[in-house]
Amino acid sequence: MILIFALLLSSCSSPTHQLVQQQLFTFGTLVDISIWTDKPDKANLLIQQLSADFEHQHNEWHSSKKNSLLSKANQQLQQEQTATLDASLASLVKLAIKLSAQSEYLFNPAIGQLVDLWHFDQLDQQAVDEIVEAVLPPDKKQIQTLFDMLSSELDLVLTDQQGSLHNSLQIRSKNPAVKLNLGAFAKGYAVDQAIKSIQQAGFNHALVNAGGDIKAIGKKGDKLWNIGIRNPFYQQQTDSPVLASIKLNNNESIMTSGDYERYFSYQGKRYHHIIDPRTGFPSDGFHSVTIVHKDAALADAAATALFIAGPKNWKKIAKKMAVDQIMLLTQSDELIISEKLKPRLSIQNKQLKTTVVKLD
Ligand code: ADP
Ligand code: MG
């Protein structure tokens, strides 16, 4: 889970409106919900409901939680049985399949067993931090065996039950190496859902920040929500905790995938949690990828996919996934920013070489 540190930089006051804000720990990260409102009691009640929703989604959609709906489905898949997904998981999985194809399977939610070999998802962020020097990379033979079994696509067969009473979905696979892991985009999807719930409850000004994966509606008072993207070099090279900041428009999200959030070091090499399905190893594509888009689930999947696509292929995958507001931090610590995003970004870390790139 990404823990890009988002700073809410704007502040203002209004005689009737106030900021109602609560923080919870879920999805393996801190989730911050802020609502700008003149109905604080109603907003507080809603946030409690949203907290319960997040917790429920995290418990049911996690591939490493023993009795989650996804774990049960995975057990059935591994036994080559048909798994029936309930409506909420069904729409999540359908979207994951669509985005995965758009990403040329660089975002590949079927490589859960491969991801498991690297241990990241069994641990929460704090645990990873604590054992940063203690975890070993998996045995190469184990990686190779799984890698050889997995296809370059998804190996899933769907029986769409749309129109049935519960909009459920049946899936099966002939490949026992297939295991669904929705970690690369479930958080974005949950953020989209939370914003929808906030709107349905009648609030027009809010921000949901799930460990730096953020979506906003409306404004905070008379100012747009101002978001700081965490500077991964902070502590070492500069004194700014923020790499760049951006004002989000209504119904817009910003998602980041970075190699500095979940990792361990072994014999001087850093192993992080974004796995390249073409190698079975952590991707060496970029340091981080940030995407701005109205659809948080799409932006989340795209951030992961572009990260893996790397310097050679990111433009092609961006086009296929229809994202055009992109900031990439390369392995050699240069910033590449798409032409469309550049005028909106205020770069705080002036030491970095920055290149603006036009997407065809
Ligand atoms: P975060 O969850 O920190 O926001 P990402 O969105 O990039 O970061 O997702 C990384 C998570 O997605 C990993 O922890 C793992 O569970 C899963 N994952 C890793 N590699 C892939 C991949 N190539 N395709 C799909 N999911 C992946
Ligand atoms: Mg992602």
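Keep in mind that what you see is a predicted model, and the values were worked out from it rather than measured. Counting convention: from 1, in listed order, for ligands and their atoms alike.
Backbone or side-chain N, O or S atoms of Asp213 do not reach the Mg ion (ligand 2) at under 2.8 Å. When distances to the Mg ion (ligand 2) are checked against a cut-off of 2.8 Å, Ala301 contributes no N, O or S atom below that limit. Residue contact annotation: Thr304 places an N/O/S atom under 2.8 Å from the Mg ion (ligand 2).
Between Ile275 and ligand 1, at least one pair of N/O atoms sits closer than 3.5 Å. Geometrically, ligand 1 and Ile308 share no nitrogen or oxygen pair separated by less than 3.5 Å. Ligand 1 has no nitrogen or oxygen under 3.5 angstrom from a nitrogen or oxygen of Phe107. The shortest N or O to N or O distance between Asp300 and ligand 1 is under 3.5 Å.
Ser34 pairs with exactly one of Lys220, Gln22, Gln23, Gln21 by the side chain to side chain donor-acceptor pair (under 3.5 Å) rule, that one being Gln21.
Atom CZ of Arg344 is surrounded by more than 12 heavy atoms from other residues, nucleotides or ligands within 6.0 Å. Annotation: Lys247, atom NZ; neighbour count of heavy atoms from other residues, nucleotides and ligands within 6.0 Å does not exceed 12. Atom NZ of Lys42 has more than 12 heavy atoms from other residues, nucleotides or ligands within 6.0 Å.
For the pair Ser151 and Leu154, the tightest heavy-atom approach, listed with the atom from each and the gap, is OG-N, 4.2 Å. Closest approach of Ser283 to His272, counting heavy atoms only: O-NE2, 2.7 Å.
A distance-only check finds a donor-acceptor pair linking the side chain of Asp295 to the backbone of Leu298 [under 3.5 Å]. Remark: the backbone N or O of Asp116 is not paired with any side-chain donor or acceptor of Lys179 at under 3.5 angstrom.
Interface of Lys187 with ligand 1, defined as ligand atoms under 4.0 Å from a residue heavy atom, comprises 4 (O). Contact atoms of ligand 1 toward Asp213: 4 (O) (distance under 4.0 Å to a heavy atom of the residue). Atoms of ligand 1 found under 4.0 Å from any heavy atom of Thr304, numbered from 1 in the order shown, are 5 (P), 6 (O), 7 (O), 9 (O). The atoms of ligand 1 that sit less than 4.0 Å from any heavy atom of Gly183 are 2 (O), 9 (O), 11 (C), 12 (O). Here is the list of ligand 1 atoms found below 4.0 Å of a heavy atom in Leu106: 22 (C), 23 (N), 24 (N). Close contacts between ligand 1 and Asn108 involve ligand atoms 22 (C), 24 (N), 25 (C) [criterion: under 4.0 Å to a heavy atom]. Each of the atoms 23 (N) of ligand 1 lies under 4.0 Å from some heavy atom of Pro277.
The cationic atom of Lys269 (NZ for Lys, CZ for Arg) lies less than 6.0 Å from the six-membered ring centre of Tyr271 and within 45° of the ring axis.
Hydrophobic clustering (ILVMFWY, side-chain heavy atoms < 4.5 Å, transitive): Phe107 and Phe147 are in distinct clusters.
If you check each of Met255, His62, His273 against atom 8 (O) of ligand 1, the one with the closest non-hydrogen atom is His273.
For Ala184 atom O and Asp300 atom O, the angle they make at the Mg ion (ligand 2) is roughly 90°, to 10 degrees.
Contacts of Arg262 with ligand 1, taken as heavy-atom pairs under 4.0 Å, are absent altogether.
Checked for salt-bridge contact, Lys174 and Glu80 miss the test: no charged N lies under 4.0 Å from a carboxylate O.
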